[in-house]
Amino acid sequence: MRILQLHCDSIEYTPTKKEIKLAEDIENPQTQRLEEVVVAFVAIEDGDDSSVAQNAISQIKNSMEKIGCKKLLLYPYAHLSSNLAKPSIAMTLLKDMENNASDLEVSHSPFGWTKSYKIQVKGHPLAESSKVVTKDSTDSKDEEEMTSEALKGESKIRSYWKIMSPDGAMKNIADFDFTNNKKLEILAKYESAKQRRVDEPPPHVALMKKMAIADYEPASDSGNMRFFPNGRLIKSLIERYVTDRVKEYGGYEVETPIMYDSEHPSMVSYFNRFPARQYNINSEGKKLFLRFAACFGQFLMANQFQMSYKNLPYKLYELTRYSFRREQSGELVGLRRLRAFTMPDCHAFCKDLDQAVDEIQVRFDLSQSVLNELGIDESDYEMAIRFTEDFYNENKSAIENLVKKHGKPVLVEMWKEKFFYFVLKWEFNFIDNLGKASALSTDQIDVENGDRYGIEFVDENNNMRHPVILHNSPSGAIERIIYVLLEKAAKDSKEGRKPQFPLWLAPTQVRVIPLKEEFYGFCEILTEKISTTNIRVDIDDRNESIGKRIREAEKEWIRYILVIGEKEANSENLSIRDRQTGNVRELPFDDFLKEINEQTKGKPFTGLNLPKYLSKRPQLMV
RNA sequence: GCCAAUGUAGCUCAGCCUGGCUAGAGCAUUCGCCUUGUAAGCGAAAGGUCGUGGGUUCAGAUCCCGCCAUUGGCUCCA
């Protein structure tokens with residue numbers, strides 16, 4: 001017997017004509033409409049008997065209980081099988097099934113009729129499933145539910161939402177005064193009550209195009225972006241910066257494959273703990289999937305390490321370009337939520353929970369500092385922390401210390417019992433202009449995967465043990481950082497301030513505008529000198545009015561504009577138009593370079609990623 | 001994935017409701033003029049499978065259906 005089971009908002013069917021001689025007699029073939037119903041499309045196959053029918057109906061009842069639906073429609077549907085039973089047997093078995101489900105509100109659509117129908121299926125993960133029930137398989141496979149273990153786990157888990165203040169005090173969300181913590185309120189409602197409201201596109205989408213940073217690539221899959229030269233420059237600088245910081249912290253950079261064999265023994269158990277939301281590739285009989293995180297690559301590698309407790313904590317790091325998650329199409333938004341994204345991912349293998357708890361403090365500081373240097377400070381994000389009740393009771397002070405570092409009240413989710421593989425997880429959530437929350441930095445304490453991946457070290461007593469693993473992304477996805485910078489710029493703009501990038505990320509830091517052609521030579525020498533001190537400078541040599549060239553430099557958010565005419569050519573000083581003030585200043589050449597280098601100190605540098613002369617530059621966007 | 005809105009030149013958009021002339025504008029591009037002092041100098045030319053596939057019609061950018069994409073809401077975000 002084959003069953004396709006759908007949890008529906010509604011179904012409407014109309015019997016149109018008899019298809020077979022044996023068809024059920026119905027007096028008045030009218031349109032029937034049912035709401036809030038589970039529809040089971042059923043094909044009875046050759047060899048099915050009443051035990052199969054009984055088994056099938058008990059499975060259907062089982063899953064209906066899970067989704068909390070009490071109404072069932074049995075819908076004979078021959079097209080599910082090419083090995084159908086005789087109509088007479090089929091009708092009997094269907095009747096059996098209906099009788100066996102009399103504790104539900106059960107009905108069936110007429111057998112042997114051609115029917116037209118209109119159906120509205122619900123969107124939740126358990127709404128659709130298919131079953132095959134045969135005589136020998138008392139325990140049939142419910143494919144959809146197999147892959148949805150994690151989702152089921154999540155809906156079943158009991159958790160409590162609280163707010164923890166920097167002094168360690170916890171209050172229920174309802175009792176907390178959010179007057180001075182509006183963004184935390186948004187996050188709290190967002191997470192706990194799932195309440196969101198927006199009705200306009202996020203401003204960064206227009207900006208990412210206008211600033212020639214990134215755009216959609218129609219020839220790829222949705223959520224896979226193209227990055228223009230300016231965008232690539234910004235992204236590459238952020239990537240380099242995060243990597244430098246993680247290495248400074250003690251992470252060792254590795255590189256692992258982007259695709260894995262889903263049937264490889266080390267993959268199976270991990271893989272099955274997650275909903276099926278990845279890109280799959282079939283190649284030479286292998287079922288490959290594209291990685292959705294760097295975890296397994298690093299775990300498979302660490303599995304081969306000969307580690308001693310003296311080596312721990314040991315940290316592996318990879319900047320994945322890319323990680324892939326095949327998010328539902330309706331969930332994709334600009335640079336905020338993608339299907340292919342660049343993720344720094346640092347795992348620390350710790351000898352025990354105590355070491356993990358110490359190490360997580362260090363990584364918390366790292367994450368905070370990385371975001372800060374990227375131009376995102378504590379006022380831009382809200383922290384959420386989740387842990388099991390047991391872990392909280394045993395590690396109160398460590399948890400309170402994290403909250404204290406954040407310096408603001410924090411959203412807390414406390415689980416009655418562990419689910420997935422971690423006992424603690426914190427994250428920083430950026431709240432954008434439209435009240436949308438997205439996670440940036442995060443860290444987790446993983447107590448399962450050391451075992452699952454067979455990662456081992458030898459402890460003080462010469463015993464083999466599995467490490468506790470921390471999963472940290474100090475910045476979150478790089479694309480998401482760009483999204484945050486653009487959203488912040490949009491907010492500045494809306495509130496009357498000038499939007500800008502941090503100077504070290506600006507595609508052009510200094511624009512030189514020669515007044516007339518006769519100053520080109522002077523500008524060439526000047527820019528040569530400027531660029532030797534690691535400053536990105538270009539020359540607008542187009543035949544346009546001075547006003548227009550200044551306007552366009554302003555629209556590109558270029559911080560410093562140098563107009564070069566008679567005066568400058570014959571002077572020791574430069575006339576510098578500083579976008580931050582809008583005023584023109586006179587400054588000696590060396591002081592000017594020093595001012596810029598001060599601001600970009602300690603950050604990575606790369607040269608212009610476009611022709612130096614604007615006349616040589618194609619127009620990408622307007 | 002579900003519901004809704006949107007998709008017209010490289011970009012931003014008008015035209016669609018109420019079908020009918022050669023599908024328009026601004027910016028960008030090219031050419032010419034102008035030779036510039038801190039946020040848009042002037043003129044001309046070129047540029048279009050009207051997202052895509054089907055249907056209705058004498059006639060479709062315009063009406064109907066399917067699909068794709070984007071955005072919003074739902075769901076989701078390991």
Side-chain angles (χ1 to χ4, degrees), chain A residues 8-9 119-128 148-151 153-155 190-191 194-202 205-206 209-210 212 215-223 270-278 292-293 295 323 325-334 336-339 341 419-422 425 427 429 434 436-439 442 444 446 449 471 476-477 480 498 511 513-519 542-556 558 561-568 575-579 582-585 617-622:
Chain A
C8 304
D9 288 321
I119 190 162
Q120 167 76 42
V121 182
K122 288 182 183 292
H124 67 76
L126 298 180
E128 302 171 278
S148 296
E149 278 303 316
L151 283 180
E154 187 168 28
S155 59
Y190 199 83
E191 288 291 336
K194 309 271 180 198
Q195 194 183 83
R196 290 145 225 210
R197 180 176 300 138
V198 235
D199 54 1
E200 47 185 311
V205 174
K209 297 182 192 186
K210 212 167 83 192
D215 201 356
Y216 304 105
E217 173 51 72
S220 181
D221 191 25
S222 328
Y270 192 75
F271 191 75
N272 281 341
R273 275 181 73 89
F274 294 105
R277 283 280 166 73
Q278 65 280 319
F292 41 84
C295 305
S323 285
R325 295 183 191 180
R326 221 202 57 229
E327 309 288 6
Q328 297 184 85
S329 54
E331 292 161 357
L332 303 168
V333 192
R336 187 164 88 88
R337 193 88 179 273
L338 296 167
R339 282 182 173 171
F341 55 94
F419 73 109
F420 297 142
Y421 49 74
F422 40 83
K425 174 189 180 178
E427 86 247 349
N429 290 282
L434 308 175
K436 287 273 196 178
S438 3
T442 176
Q444 306 167 357
D446 169 358
N449 283 309
H471 299 234
R480 198 169 266 188
K498 285 187 177 174
R511 162 87 29 102
I513 303 180
L515 207 54
K516 294 183 193 164
E517 222 175 301
E518 57 185 282
F519 302 114
R542 294 171 307 161
N543 179 17
E544 298 288 354
S545 72
I546 194 80
K548 177 158 180 175
R549 283 181 287 171
I550 285 172
R551 178 180 155 84
E552 293 196 355
E554 289 277 352
K555 281 172 68 181
E556 286 178 53
I558 294 169
I561 301 171
L562 309 180
V563 175
I564 302 297
E566 318 267 348
K567 211 174 74 189
E568 289 74 19
S575 308
I576 299 152
R577 184 185 162 108
D578 185 339
R579 183 155 182 276
N583 297 327
V584 179
R585 281 185 288 154
R617 228 175 249 190
Q619 189 78 33
L620 295 184
M621 294 281 173
V622 180

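Sequence lines set the chain letters: A, B, ... in the order given, protein chains first and strands last, and positions in each chain run from 1.
Between A:Ile576 atom CD1 and B:G37 atom P there is a gap of 21 Å when expressed in whole angstrom units. Spacing between atom CG of A:Asn583 and atom P of B:U38 amounts to 13 Å, rounded to whole angstrom units. The distance from atom CG of A:Asn543 to atom C1' of B:U30 is 14 Å, rounded to the nearest whole Å. A straight line from CZ of A:Arg325 to C1' of B:A78 spans 7 Å, rounded to a whole angstrom. Rounded to an integer number of Å, the gap from CZ of A:Phe292 to P of B:A78 is 12 Å. Rounded to whole angstrom, the span from the CD atom of A:Gln328 across to the C1' atom of B:A78 amounts to 14 Å. In this structure, the NZ atom of A:Lys498 is 15 Å from the P atom of B:U38, given to the nearest Å. The CD1-C1' distance, from A:Ile561 to B:U36, rounds to 16 Å in whole Å.
Between A:Pro218 and A:Val333, the residue whose closest nucleotide on RNA chain B is further toward the 5' end is A:Pro218. In this structure, A:Val563 and A:Arg542 both approach RNA chain B, and ranking their closest nucleotides by distance from the 5' end singles out A:Arg542.
A gap of 15 Å separates the C1' atoms of B:G66 and B:U56, to the nearest Å. With both ends at atom C1', the span from B:C2 to B:C76 equals 12 Å, rounded to whole Å. Taking atom C1' on both B:G53 and B:A69, the two are 15 Å apart, rounded to the nearest angstrom. Between B:G37 and B:C16, the distance separating the two P atoms is 45 Å to the nearest Å. B:U6 and B:U12 are spaced 15 Å apart, taking the C1' atom of each and rounding to whole Å. Between B:A25 and B:G15, the distance separating the two C1' atoms is 11 Å to the nearest Å.
Among B:C76, B:A78, B:A39, the nucleotide with an atom closest to any side-chain atom of A:Ile550 is B:A39. The listed nucleotides are B:G41, B:A40, B:A69; the one nearest the side chain of A:Glu544 is B:G41. Which of B:G1, B:C76, B:U71 sits closest to the side chain of A:Glu331 comes down to B:C76. For A:Tyr216, taking side-chain heavy atoms from C-beta onward, the closest of the listed nucleotides B:U70, B:C33, B:A28 is B:U70. Comparing atom distances between the A:Tyr421 side chain and each of B:A78, B:G37, B:C33 picks out B:A78 as nearest. Proximity note for A:Lys555 (side chain, C-beta onward) versus B:A39, B:A78, B:U36: the nearest is B:A39. Distance from the side chain of A:Glu566 is smallest to B:G37 among B:G72, B:G1, B:G37. Listed candidates were B:A39, B:A78, B:G1. Nearest to the side chain of A:Ser329 is B:G1.
Residue contacts shown for A:Gly565 include a base, since a base heavy atom lies under 4.0 Å away. Residue contacts shown for A:Leu332 are limited to sugar-phosphate atoms, with no base heavy atom under 4.0 Å away. As judged by a 4.0 angstrom heavy-atom cut-off over every strand, A:Pro202 is placed among residues touching the sugar-phosphate backbone only. A:Gly334 comes within contact range of the sugar-phosphate backbone alone, with a heavy-atom separation under 4.0 Å but no base atom that close.
For A:Gln619 against B:A28, a side-chain-to-base donor-acceptor contact under 3.5 Å is absent. A donor-acceptor contact under 3.5 Å is formed by the side chain of A:Arg577 with the base of B:A39. For B:G37, the base has a donor-acceptor partner in the side chain of A:Glu568 [N/O atoms by modelled type, under 3.5 angstrom]. The base of B:C76 sits with one of its N or O atoms less than 3.5 Å from a complementary donor or acceptor on the side chain of A:Arg337.
Phosphate contact (OP1/OP2 of B:A28, side-chain N/O of A:Lys548, threshold under 4.0 Å): present. Contact annotation: A:Lys516 side-chain N/O to B:U35 OP1/OP2 distance is not under 4.0 Å. For the pair A:Ser575 and B:U38, the criterion of a side-chain N or O lying under 4.0 Å from OP1 or OP2 is not met. For A:Ser545 and B:G41, the shortest distance from a side-chain N or O to OP1 or OP2 is below 4.0 Å. The side chain of A:Arg326 contributes no N or O atom lying less than 4.0 Å from OP1 or OP2 of B:G1.
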Item to complete: Start with the C-alpha gap between A:Arg579 and A:Ile561, add the side-chain angles, then the distance that decides, and say whether side-chain contact (heavy atoms from CB on, under 4.5 Å) holds.
Response: CA-CA 8 Å; A:Arg579 183 155 182 276; A:Ile561 301 171; over 6 Å; no

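Two residues are said to be in side-chain contact when any heavy atoms from C-beta on lie closer than 4.5 Å; A:Cys295 and A:His471 meet this criterion. With contacts defined as side-chain heavy-atom distances shorter than 4.5 Å, the pair A:Arg325/A:Glu331 does not qualify. Put simply, the side chain of A:Glu568 does not reach to within 4.5 Å of the side chain of A:Leu562, judged on heavy atoms. Side-chain contact between A:Glu556 and A:Arg511: present, with at least one pair of heavy atoms (C-beta onward) separated by less than 4.5 Å.
Remark: side-chain polar atoms of A:Arg336 are not paired, donor with acceptor, to backbone N or O of A:Val205 under 3.5 angstrom. Using a distance-only test at 3.5 Å, with no hydrogens or angles considered, no donor-acceptor pair links the side chain of A:Arg339 to the main chain of A:Arg326. A donor-acceptor contact shorter than 3.5 Å is absent between the side chain of A:Arg585 and the backbone of A:Ile576.
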